[in-house]
Each structure stands twice: as C-alpha cells, then as structure tokens.
Amino acid sequence: LVSQDGSAIITSLTNYYPNPDIQTLDWFVGATENEGTYYFTPPHMENISLYGTRNVISISKLVEYSMFGEKRKGVLVIDVTDEDIQTIAKQTNLGETGHMIIISDEGDLVFSTISSCYSDECDSLKWVKETIIGDGYVTLNDNDYYANINTVQGTRWRIATFVDINLLQD
C-alpha cells in the first residue's frame with residue numbers, strides 16, 4: 001500500500017528500497033486516474049522498490065485506508081510473476097496440449113503457458129487476435145481445441161483458454 005504522496009504504508013518486501021519516482025510509475029498513475037477500477041500494467045521489471053529482480057504484471061487500485069483515525073487514499077499494488085500465473089494455470093486441467101494466453105488491450109502478449117507463443121509463430125495467439133471474444137472449436141497445429149476468449153474484468157485485456165478436445169472426449 002502506497003500513500004498518494006508515494007510513501008510506502010505497508011509492504012511485504014523484505015528488502016524494500018523506496019523508489020523515489022513511484023508517483024510516475026504506470027501502475028500508480030493508472031490507479032489514480034482510473035478510480036474505482038483495477039489497473040493492469042503489462043509485464044515490466046518490478047519497480048515498487050529499487051533494484052527489482054522479477055518480471056511482473058502489476059495490478060493496482062486506488063483505495064481508502066485509515067491511519068490515526070483519519071481516512072486517506074492510497075494505491076494498493078500487487079505484483080504477479082509469470083510463475084504465479086503458471087501455478088494457477090497448472091491447477092486448471094486443459095488437457096495434454098491445452099494452454100492459456102493473456103493479451104493486453106493493445107493486442108500484445110502478456111502471458112502464455114506455452115513458450116512458442118512468445119515468438120511470431122504462435123497460431124493460438126493469431127487466432128485470439130482475429131477472434132476478439134467468444135468461443136468455439138478450433139484446430140491449431142494439428143490439435144483440436146475448444147477455445148474460449150473473455151475479457152479480464154475491469155480491463156480490456158483478454159484471456160483465452162484452449163482445452164484439448166481429447167480431454168473432453170475421455
């Protein structure tokens with residue numbers, strides 16, 4: 001939790017070195033300019049603290065908190081790593097070749113459970129960009145999938161899941 005003047009109120013970081021430019025960071029500006037909604041920042045090097053070492057997606061929101069009996073506003077930020085999303089994705093049974101993709105409102109790849117989507121040769125990513133939103137059966141790279149694309153609530157980001165048809169037929 002960061003106050004509106006950029007001071008850390010509380011942090012889970014063990015080695016916290018305050019970033020003096022915190023009020024100019026995308027997740028901070030986005031949350032303060034979009035009050036009432038969650039603001040998603042595309043992948044970037046962790047920057048709430050100086051010397052960040054992890055590539056993260058920041059989710060932030062302007063919130064109200066109490067300090068010394070006085071209500072104040074601040075920005076709550078949660079940094080999510082690729083590993084965090086991978087853990088969630090692995091708990092979802094998508095079948096042997098099933099996978100998940102998240103793209104930003106600009107159509108940039110934010111996350112994929114398959115490494116081939118980080119190159120220009122990803123048929124799944126091409127399909128998501130062409131389809132926009134919805135669901136249906138699709139064949140990609142000789143594999144059959146039931147695919148579903150939805151928006152991430154409060155954003156224009158899209159998440160696509162590709163369930164291996166063999167899983168549905170077993």
Side-chain angles (χ1 to χ4, degrees), residues 1-94 98-122 124-125 128-129 132-133 148-162:
L1 179 63
V2 179
S3 70
Q4 284 190 296
D5 70 4
S7 304
I9 303 302
I10 190 167
T11 179
S12 62
L13 298 173
T14 51
N15 295 317
Y16 178 69
Y17 303 98
N19 186 334
D21 300 322
I22 212 160
Q23 291 175 291
T24 65
L25 300 177
D26 196 25
W27 56 263
F28 188 95
V29 173
T32 56
E33 289 179 354
N34 298 283
E35 188 170 350
T37 62
Y38 290 96
Y39 186 78
F40 286 71
T41 306
H44 61 279
M45 189 57 67
E46 179 176 46
N47 58 14
I48 189 168
S49 177
L50 294 176
Y51 318 116
T53 59
R54 304 176 308 162
N55 198 39
V56 298
I57 295 169
S58 294
I59 305 165
S60 57
K61 184 177 183 179
L62 188 66
V63 296
E64 213 172 69
Y65 65 96
S66 275
M67 183 175 272
F68 307 117
E70 180 183 321
K71 290 210 180 274
R72 300 177 185 193
K73 288 189 177 184
V75 175
L76 179 65
V77 62
I78 298 172
D79 284 338
V80 182
T81 66
D82 279 356
E83 293 81 24
D84 295 330
I85 299 172
Q86 282 281 10
T87 299
I88 293 168
K90 285 178 183 173
Q91 293 172 359
T92 305
N93 188 1
L94 300 175
H99 52 283
M100 180 174 66
I101 296 173
I102 301 173
I103 64 171
S104 72
D105 50 345
E106 281 106 31
D108 297 323
L109 182 66
V110 172
F111 172 80
S112 174
T113 56
I114 53 174
S115 59
S116 63
C117 278
Y118 289 98
S119 72
D120 290 336
E121 301 303 315
C122 181
S124 300
L125 183 57
V128 170
K129 288 181 177 183
I132 310 293
I133 195 164
N148 185 327
I149 307 170
N150 281 302
T151 55
V152 176
Q153 186 176 359
T155 74
R156 292 190 339 240
W157 285 22
R158 291 179 283 153
I159 183 168
T161 54
F162 295 83

Next item on the list: Using atom types as modelled and distance alone, determine if a side-chain donor or acceptor of Lys129 lies under 3.5 Å from a backbone N or O of Gly107.
Entry: yes
Notebook entry, point to check: Using a distance-only test with no angle check, is there a side-chain donor-acceptor pair under 3.5 angstrom linking Thr87 and Asp84?
Noted result: no
Checklist line | Ser58 side chain reached by Tyr39 side chain, heavy atoms, under 4.5 Å | finding: no
Check: Of all heavy-atom pairs between Gln86 and Ser112, which one has the smallest distance, and what is that distance?
Finding: NE2-O, 3.9 Å
Next item on the list: Go through the structure and list residues passing ring-ring contact (aromatic ring centres under 6.0 Å, His included) with Tyr65, not counting sequence neighbours.
Entry: none
Note to self: Please determine whether the number of non-hydrogen atoms from other residues, nucleotides or ligands lying under 6.0 Å from atom CD1 of Ile132 exceeds 12.
What the structure shows: yes
Show the atom names and distances, to 0.1 Å, of all donor-acceptor pairs under 3.5 Å that link a side chain in residues 27-35 to residues at least two apart or in another chain.
| residue | atom | partner | partner atom | Å |
| --- | --- | --- | --- | --- |
| Trp27 | NE1 | Asn47 | OD1 | 2.8 |
| Thr32 | OG1 | Phe28 | O | 3.1 |
| Thr32 | OG1 | Val29 | O | 3.0 |
| Asn34 | ND2 | Gly30 | O | 2.7 |
| Glu35 | OE2 | Lys73 | NZ | 2.7 |

Item checked: Thr113 side chain vs His99 backbone, donor-acceptor pair below 3.5 Å -> no
Notebook entry, point to check: Closest heavy-atom contact between Ile101 and Phe162?
Noted result: CD1-CE1, 3.9 Å
Note to self: So which atom in Ile103 and which in Val110 form the shortest heavy-atom distance, rounded to 0.1 Å?
What the structure shows: C-CG2, 3.9 Å
Note to self: Test your reading of the model: is there a side-chain donor-acceptor pair from Arg158 to the backbone of Val128, 3.5 Å cut-off?
What the structure shows: yes
Notebook entry, point to check: So, Thr151 side chain and Arg156 main chain: donor-acceptor pair closer than 3.5 Å or not?
Noted result: no
